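These notes concern the structure reproduced below.
Please read these numbers as outputs of a predicted model, since none were measured by experiment. Residue numbers run from 1 in the order of the sequence given. Below, all heavy atoms of this structure are taken into account, side chains as well, without hydrogens, waters or symmetry copies.
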Amino acid sequence: PGGGAALRLRSTRAPLEGINKPVIDRVIRVDHAGEYGANRIYAGQMAVLGRSSVGPVIRQMWNQEKTHLKKFNELMVAYRVRPTVLLPFWNIAGFVLGAGTALLGKKGAMACTVAVEESISDHYNNQIRTLMEEDPEKYKELLQIIKQFRDEELEHHDIGIEHDAEATPAYSVLKTAIQLGCKAAIFLSERI
């Protein structure tokens, strides 16, 4: 049984020659960390709001994030990228952020979703530009993955707006604080 998984991972191993390894390491490491953090945020939201009317909406977005994380787990193996050493911190911080904003109610959870997904979409756009400048043909598969995930993150953003995120008390302050945290997390996860 275990042999099949090992063969599958080897068959998805990306060719490493000719790639800009430091760029690819940063891209995959930070995206893995981001999808890991997003999973923890949605876990926190579900812990608080899972049985509420917005629970199925959160569950649907979380399921997509699980797919994203699974793909980046595979890419880490294929490109031989180590995860950020900050994963234990993102585990706790993500859950606390998700649960904390969910304690503000449905609108608070959706405000968190809007802030995080907007930050992640911007980050994915920056990565797309970087990979396009490097070599769009060489990084074609990775570009397709990032573009698809960016589009799905934008859908989550729009779902948050549709579910009254902007009606959260002190919305702009909350959104700004969360986005500053996202920028710091991106900066750190790319590097360590």
Side-chain angles (χ1 to χ4, degrees), residues 28-76 82-125 127 146 148-192:
I28 293 174
R29 179 178 302 111
V30 72
D31 290 354
H32 174 265
E35 298 299 348
Y36 181 82
N39 269 271
R40 298 306 297 148
I41 289 168
Y42 284 116
Q45 290 180 350
M46 285 299 290
V48 175
L49 296 172
R51 294 177 187 246
S52 73
S53 63
V54 77
V57 174
I58 295 170
R59 169 80 56 202
Q60 177 188 2
M61 293 187 289
W62 189 15
N63 286 340
Q64 280 188 311
E65 298 296 349
K66 288 176 183 178
T67 301
H68 296 180
L69 179 58
K70 180 180 179 206
K71 185 58 171 177
F72 277 108
N73 281 331
E74 293 169 3
L75 290 172
M76 289 186 77
R82 68 160 178 80
T84 177
V85 298
L86 297 171
L87 281 184
F89 180 74
W90 301 148
N91 177 29
I92 295 165
F95 189 88
V96 168
L97 177 60
T101 55
L103 287 170
L104 298 173
K106 173 188 120 174
K107 294 174 187 173
M110 290 300 142
C112 176
T113 295
V114 167
V116 170
E117 302 297 19
E118 188 175 292
S119 295
I120 299 305
S121 298
D122 290 346
H123 172 69
Y124 277 154
N125 281 333
Q127 287 184 334
I146 293 172
Q148 176 189 337
F149 290 178
R150 179 218 39 214
D151 292 347
E152 290 172 0
E153 306 299 2
L154 286 170
E155 287 173 15
H156 299 172
H157 170 275
D158 294 347
I159 289 168
I161 296 292
E162 291 166 11
H163 285 85
D164 302 321
E166 296 168 311
T168 305
Y171 171 74
S172 62
V173 173
L174 181 62
K175 181 180 174 190
T176 300
I178 291 170
Q179 289 185 326
L180 286 172
C182 287
K183 285 181 183 179
I186 289 167
F187 180 85
L188 293 170
S189 294
E190 282 179 328
R191 290 159 176 82
I192 50 178

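If you check the side chains of Gln64 and Gln60, you find no donor sitting under 3.5 Å from an acceptor.
Nearest heavy atoms, Gln179 versus Ala115: NE2-O, 3.2 Å. Taking each heavy atom of Val85 and Arg82 in turn, the nearest pair found is N-NH1, 4.3 Å.
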Could you pull out every donor-acceptor pair under 3.5 Å between side chains of residues 46-57 and any protein atom, sequence neighbours left out?
from, atom 1, to, atom 2, distance (Å)
Ser52, OG, Leu49, O, 2.7
Ser52, OG, Val54, N, 3.3

Identify every side-chain donor-acceptor pair in residues 93-112 under 3.5 Å, counting partners at least two apart or on other chains, and give the distances.
from, atom 1, to, atom 2, distance (Å)
Thr101, OG1, Leu97, O, 2.9
Thr101, OG1, Gly98, O, 3.2

Distance-only donor-acceptor hits, side chain of residues 183-192, under 3.5 Å, sequence neighbours excluded:
from, atom 1, to, atom 2, distance (Å)
Ser189, OG, Trp90, NE1, 2.7
Ser189, OG, Ala185, O, 2.9
Arg191, NH1, Phe187, O, 3.0

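Heavy-atom neighbours of Tyr171 OH from other residues, nucleotides or ligands within 6.0 Å: above the threshold of 12.
Rounding to the nearest 0.5 angstrom, the gap separating the CD atom in Gln127 from the CG atom in Asp122 is 12.0 Å. For the atom pair CE (Met76) and CG (Asp31), the distance works out to 10.5 Å, reported to the nearest 0.5 Å. One finds the OH atom of Tyr124 at 9.0 Å from the CD atom of Glu117 (value rounded to the nearest 0.5 Å). One finds the CG atom of Leu154 at 7.0 Å from the CG atom of Asn125 (value rounded to the nearest 0.5 Å).
Sorted by first then second residue, the ring-ring contact (aromatic ring centres under 6.0 Å, His included) pairs that include residues 44-76, not counting sequence neighbours, are His68-Phe149, Phe72-Phe149. Pairs passing the salt bridge (Lys or Arg N to Asp or Glu O under 4.0 Å) check and including a residue from residues 171-182, sequence neighbours excluded, read Glu118-Lys175.
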Apply side-chain contact (heavy atoms from CB on, under 4.5 Å) to the pair Glu153 and Glu65, showing each step before the final yes or no. CA-CA 9 Å; Glu153 306 299 2; Glu65 298 296 349; 2.7 Å; yes
Mind running side-chain contact (heavy atoms from CB on, under 4.5 Å) on Glu152 and Thr67 for me, showing each step along the way? CA-CA 11 Å; Glu152 290 172 0; Thr67 301; over 6 Å; no
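The backbone N or O of Leu87 sits nowhere less than 3.5 Å from a side-chain atom of Asn91 that would complete a donor-acceptor pair. Between the Thr176 side chain and the Val173 main chain, no donor and acceptor come within less than 3.5 Å of each other.
Put simply, the residue from His163, His157, His156 that forms a side-chain contact (heavy atoms from CB on, under 4.5 Å) with Thr113 is His156.
When side chains are defined from C-beta on, Val114 counts as touching Ile161, because their heavy atoms get closer than 4.5 Å.
For the ring pair (Phe, Tyr, Trp, His ring centres under 6.0 Å) test, no residue two or more places apart in sequence or in another chain qualifies with Tyr36.
Remark: Lys71 engages Glu74 in a salt bridge, criterion side-chain N to carboxylate O under 4.0 Å.
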